[in-house]
Amino acid sequence: MTIRVRYAPSPTGHLHIGNARTALFNYLFAKHKNGTFIVRIEDTDTERNVESGIESQLEQLAWLGITPDETIGVNETHGPYRQLERLDIYTRYAKELLEKGLAYKCYCTKEELEAEREAMRQAGEDKLHYSRKCLGAPEQDKPFAIRFKVPENTAFPFTDIVKGGVRFSSDDIGDWVIVKQNGIPTYNFACAIDDHLMEISHVLRGEDHITNTPKQLMVFDAFGWAKPTYGHMTLIVNDQGKKLSKRDQSIIQYIEQYRDLGYLPDAMFNFISLLGFSPDADGEIFTREQLIDLFEERRLSTSPATFDANKLAFINNRYIKALSLDDTVALCKPYLAEEGIGQEKDNDWLESLIAVFKDRLSYGKEIVKLYNDFFNRPFKIDEDAKDMLQEDGVENLIATFKRLVENDASPDADAYKALIKAAGKEANMKGKMLFMPIRIAVSGAMHGPDLPKMMHLLGRDLVTKRLEHTLAFIGAADK
RNA sequence: GGCCCGUUGGAGAAGCGGCUUAACUCACCAGCCUUUCACGCUGGCAUUCACGGGUUCGAAUCCCGUACGGGUCACCA
């Protein structure tokens, strides 16, 4: 069997993380099975279409490394791939249903329908289905929509790839609109027809679509077409367990934003692939090839996928660590330039700055934050670091080190290393008792990057100033 | 409210009737390495799988119910 899957976005804006997941899983599924991955544009909501929405979708997908085998301008064997260019097709099929008596024209206005629904609500009805008032009504010279005549008491069972057996009853579905008054088909109608004509074998989409499935199934039945296999992936939820809403500010939701922040495409690909899927392998870091190889639709999860920001940070950090220094510099440089950081410094300084922070970076732009925390914070000593400064000999060690630094005109990292060593010898301190007090004295913290490199970056003036500050602190604490 | 779905450690997440004294990852803690930090390595961290009942020789895994959470009910997709 030839596997053909599709990702069918509406060009209503940027690529959302949830849609990216849908695209990615379809892509993995296709590649794993040697099938075809198609991108179809569902632009039947002309109100919401945004300019360059299509380009934006395709571009963001390309950035992620998800390339369609078939779409606008690529291998157009089953085109066109924009629904607005397929209007005559839908019209033809709608007409066929009308002729067969499987659909009917509805002349109700939006206001009438709303009033009807409101009345049902008042009456406490569970099902707010269309009253069928236009079913069998005579032809009128008024604008009309076309409704599907939903068969009564009919079950629509299907085997869902991820959920297993699912069944909906037609009694829970009202006669729904297949062609709007403006002549454009609704999503469920166009989708079913295209899936058939494009010979889609598997439909992998978000769980929020599961109640659409019976509607699409009845279209297939009405035409006597063979149905694709459906699979509904669990939703992506936030840490409150709620579906990611585009309004939710707590999570960055658009691929473009991640790109702008300096996340790496490979890392994003990796991270997104773990949203509702777990490969049969240990660990969390996988290359594209591994993911294609490991992808199995059986391993799609049935419980909601939590968007774990910590995991994203961890994964991206792992990919940044694996980058060469040059690539990391290239990644970070624009963000520093944007903030006007290091403008007057040379390239060596830039390289050593990035080298020092490379391993702690979760995303490119974070370099700015790390830089600011490191250089700009008013110098203060962490609470948990203060005790160490009270140890015997520490004051003498720091004073000694300060004198040595002041005697050196412009020490580099290696020189600092030698100065630390010399200070240790002179003040008779070694190991942790040598490095830690100096670390605290110049950074205020017990943790941080490599000490000599860090001091070189800080520069001699700041180093001496901080040593002075620490000495004053120790002196004050003695009294 | 109707219809669908979910509930495993501090966090993510496997397992879906006996191989589980619940994988893996993050976080955390300890040790080793490093004259410091970080990296790396090693070890520790759920007597227990929302709750109640049932089926079974045996249940996190199957069934029923309860609670909680979520999705969906448009001339949006």
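Predicted model only: the values in this text are computed from it and were never measured. Sequence lines set the chain letters: A, B, ... in the order given, protein chains first and strands last, and positions in each chain run from 1. Note: hydrogens, waters and symmetry copies are ignored here, and every other heavy atom, side chains too, is used.
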Base versus backbone protein contacts along nucleotides 72-77 of chain B [heavy-atom cut-off under 4.0 Å; B, S, -]: S--BBB
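As judged by a 4.0 angstrom heavy-atom cut-off over every strand, A:Asp282 is placed among residues touching the sugar-phosphate backbone only. Residue A:Pro449 is classed as a base contact, given a heavy-atom separation below 4.0 Å to a base. As judged by a 4.0 angstrom heavy-atom cut-off over every strand, A:Lys430 is placed among the base-contacting residues. Residue contacts shown for A:Met446 are limited to sugar-phosphate atoms, with no base heavy atom under 4.0 Å away. Across all strands, A:Gly448 comes closer than 4.0 Å to base atoms (heavy-atom distances). Residue A:Ala305 is in sugar-phosphate contact alone, with no base atom involved, counting any heavy-atom pair closer than 4.0 Å across all strands shown. Within the nucleic acid shown, A:Leu235 comes within 4.0 Å of sugar-phosphate atoms alone, with no base atom in reach, counting heavy atoms only. No contact: A:Ser443 has no heavy atom under 4.0 Å from any strand. Across all strands shown, A:Lys421 has heavy atoms under 4.0 Å from base atoms, whether or not it also approaches the sugar-phosphate.
Between B:G53 and B:G12, the distance separating the two P atoms is 28 Å to the nearest Å. Using C1' as the reference atom, B:C16 and B:U61 are 5 Å apart when rounded to the nearest Å. Separation of the C1' atoms belonging to B:G65 and B:A13 is 28 Å when rounded to the nearest angstrom. Separating the P atom of B:C63 from that of B:U72 is a span of 26 Å, rounded to the nearest Å. Atom name C1', nucleotides B:C29 and B:C45: the rounded distance is 8 Å, in whole Å. The same atom, C1', is picked in B:G18 and in B:G1; the two are 44 Å apart, to the nearest Å. To the nearest whole angstrom, the two P atoms, one in B:G43 and one in B:C49, are 27 Å apart. Comparing the same atom, C1', in B:C19 and in B:A11 gives a spacing of 29 Å after rounding to whole Å.
Because its NZ or CZ atom is not both nearer than 6.0 Å to the ring centre of A:Phe295 and within 45° of the ring axis, A:Arg299 does not count as a cation-pi partner of that residue. Relative to the ring axis of A:Phe269, A:Arg288 places its NZ or CZ within 45° and under 6.0 Å from the centre. Judged by the 6.0 Å and 45° rule, A:Lys227 forms no cation-pi pair with A:Phe220.
Considering only side-chain N and O atoms, A:Lys163 lies nowhere under 4.0 angstrom from the phosphate OP1 or OP2 of B:C5. Taking side-chain N and O atoms only, A:Arg299 has a distance below 4.0 Å to OP1 or OP2 of B:G15. Here A:Ser303 does not reach the OP1 or OP2 of B:A13: none of its side-chain N or O atoms lies under 4.0 Å away. The phosphate of B:C37 (OP1 or OP2) has no side-chain N or O of A:Lys453 nearer than 4.0 angstrom.
Rounding to whole angstrom units, CD1 of residue A:Ile320 and P of B:C39 are separated by 15 Å. Rounded to whole angstrom, the span from the CZ atom of A:Phe158 across to the P atom of B:C4 amounts to 11 Å.
Checked by distance alone, A:Glu284 brings a side-chain donor or acceptor within 3.5 Å of a matching partner on the base of B:G12.
Remark: B:C57 base-pairs with B:G18; criterion is Watson-Crick or G-U wobble with both hydrogen-bond distances under 3.5 Å. Using N1 to N3 plus N6-O4 or O6-N4 for Watson-Crick, or N1-O2 and O6-N3 for G-U wobble, each under 3.5 Å, B:G10 pairs with B:C26.
Of the possible polar contacts, none joining the A:Lys215 side chain to the A:Phe189 backbone as a donor-acceptor pair under 3.5 Å is found. Using modelled atom types, no side-chain atom of A:Gln390 and backbone atom of A:Asp387 make a donor-acceptor pair closer than 3.5 Å. In this structure, the side chain of A:Asn26 engages the main chain of A:Leu204 through a donor-acceptor pair within 3.5 Å.
Aromatic ring centroids of A:Phe379 and A:His469 lie under 6.0 Å apart.
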